[in-house]
Amino acid sequence: MRLTITSWNINSVRLRLPLVLRFLGEHAPDVLCLQETKCPDDKFPTSDFRKAGYEHVRFVGQKGYHGVAVVSRLPIARVETMSFCEKVDARHMAVSLDRGAGAAAGFTIHNFYVPAGGDVPDPAANDKFAHKLQFLEEMRAWGGRARPTAAPAILVGDLNVAPLEHDVWSHKQLLSVVSHTPVETTALEALRVEAGWADAARVLTPEPEKIYTWWSYRAPDWLKANKGRRLDHVWLSPDLMETCREVAVLKDARGWERPSDHAPVTATLEL
DNA sequence: ATGGTTGTCATACAA
């Protein structure tokens, strides 16, 4: 069985609904995990996804900011959300896919949206950076406590950290830029390794090849400048890593009409 | 060193 799962920070699911539907029409992943839906739950465009063949839609949103959702062609058996940093922030949703009779137990997909962290990389001067570091610390504690990789599991999302040297256009120039500071990159790598996740994109495409999933809106010509960062990730439990054939970034989508600043990232598993 | 853009909601704030 072939399973494809996409992670995409959509930066307003309502504004970009035509783009999402185009993506689903052209690429038809089995599961789409969205971040930054910026959509209160009573306004989520569930029926549009159903019409596109995605019957199973789960979301946790809030007005204006944040918000994550999972849109699936496969039945979702269970949904859980976690809150971090004592905030009700709509930054996580876990769904369990039922792989049906005959298959081994279903598996869980965790969809994360880690805080961006503001501009100043100093937790004493910038509350948003302090919040980001605290969030990563709580993710680490969760990974150690819940042992999510003990069973088949997937973690995707906008983790807002580009952990490796070749996850950014210039390692040297970004060392003091939030998303690539040593305190963030070491924290993210440590929590990933401790919990037992494989960084699927980097297992299949090791450094020094550059991988980017995000290009700032502020660059006048994002494509030509190509000053990207790898902020969006697919992590797999070791057993699922064995089944992973491809992790692809659809850079084209960054060039669509009124795009998100993030491109969709799709993992293909052969189960 | 600085400013550059976008979305939401209401004209500030988060990214």
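Bear in mind the structure is a predicted one, so any value in this text is a computation, not a measurement. Here is the naming used below: chain letters follow the sequence lines, and residue numbers restart at 1 for every chain.
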*Asks:* Using the P atom on both, measure B:dG7 against B:dT2 and round to a whole Å.
*Replies:* 27 Å

*Asks:* For a 4.0 angstrom threshold against heavy atoms of chain A, report the outermost contacting nucleotides of DNA chain B in 5' to 3' order.
*Replies:* B:dG4 to B:dA15

*Asks:* Roughly how many Å apart are B:dA15 and B:dG3, using the C1' atom of each and rounding to a whole number?
*Replies:* 16 Å

*Asks:* Looking only at atom P, what distance separates B:dA14 and B:dA10, rounded to whole Å?
*Replies:*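 Each nucleotide's P atom is 14 Å from the other's.
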
*Asks:* Would you kindly compare A:Pro40 and A:Asn9 by the position of their nearest DNA chain B nucleotide and give the one closer to the 5′ end?
*Replies:* A:Pro40

*Asks:* Apply side-chain contact (heavy atoms from CB on, under 4.5 Å) to A:Thr205 and A:Ile211, showing your working.
*Replies:* CA-CA 8 Å; A:Thr205 307; A:Ile211 308 176; 3.9 Å; yes

*Asks:* Any link between A:Trp235 and A:Val114 through a network of hydrophobic side chains (Ile, Leu, Val, Met, Phe, Trp, Tyr) touching at under 4.5 Å?
*Replies:* yes

*Asks:* Between A:Ala219 and A:Gly118, which has a closest nucleotide on DNA chain B that is more 5'?
*Replies:*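 It is A:Ala219 whose nearest nucleotide is closer to the 5' end.
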
*Asks:* Which part of the nucleic acid does A:Arg91 contact within heavy-atom distance under 4.0 Å: base, sugar-phosphate only, or nothing?
*Replies:* sugar-phosphate

*Asks:* Do the ring planes of A:Tyr113 and A:His66 sit parallel (below 30°), tilted (30 to 60°) or perpendicular (above 60°)?
*Replies:* tilted

*Asks:* How about A:Trp142 and A:Phe112: are their ring centroids closer than 6.0 Å?
*Replies:*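 Ring centroids of A:Trp142 and A:Phe112 are less than 6.0 Å from each other.
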
*Asks:* Distance between the P atoms of B:dC13 and B:dC9, in whole angstroms?
*Replies:* 16 Å

*Asks:* Crowded around A:Asp119 CG? As in, over 12 foreign heavy atoms under 6.0 Å?
*Replies:*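 Open: at most 12 neighbouring heavy atoms sit under 6.0 Å from CG of A:Asp119.
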
*Asks:* Restricting to salt bridge (Lys or Arg N to Asp or Glu O under 4.0 Å), what partner residues turn up for A:Asp261, sequence neighbours left out?
*Replies:*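 Scan of A:Asp261 (salt bridge (Lys or Arg N to Asp or Glu O under 4.0 Å), adjacent residues dropped) gives none.
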
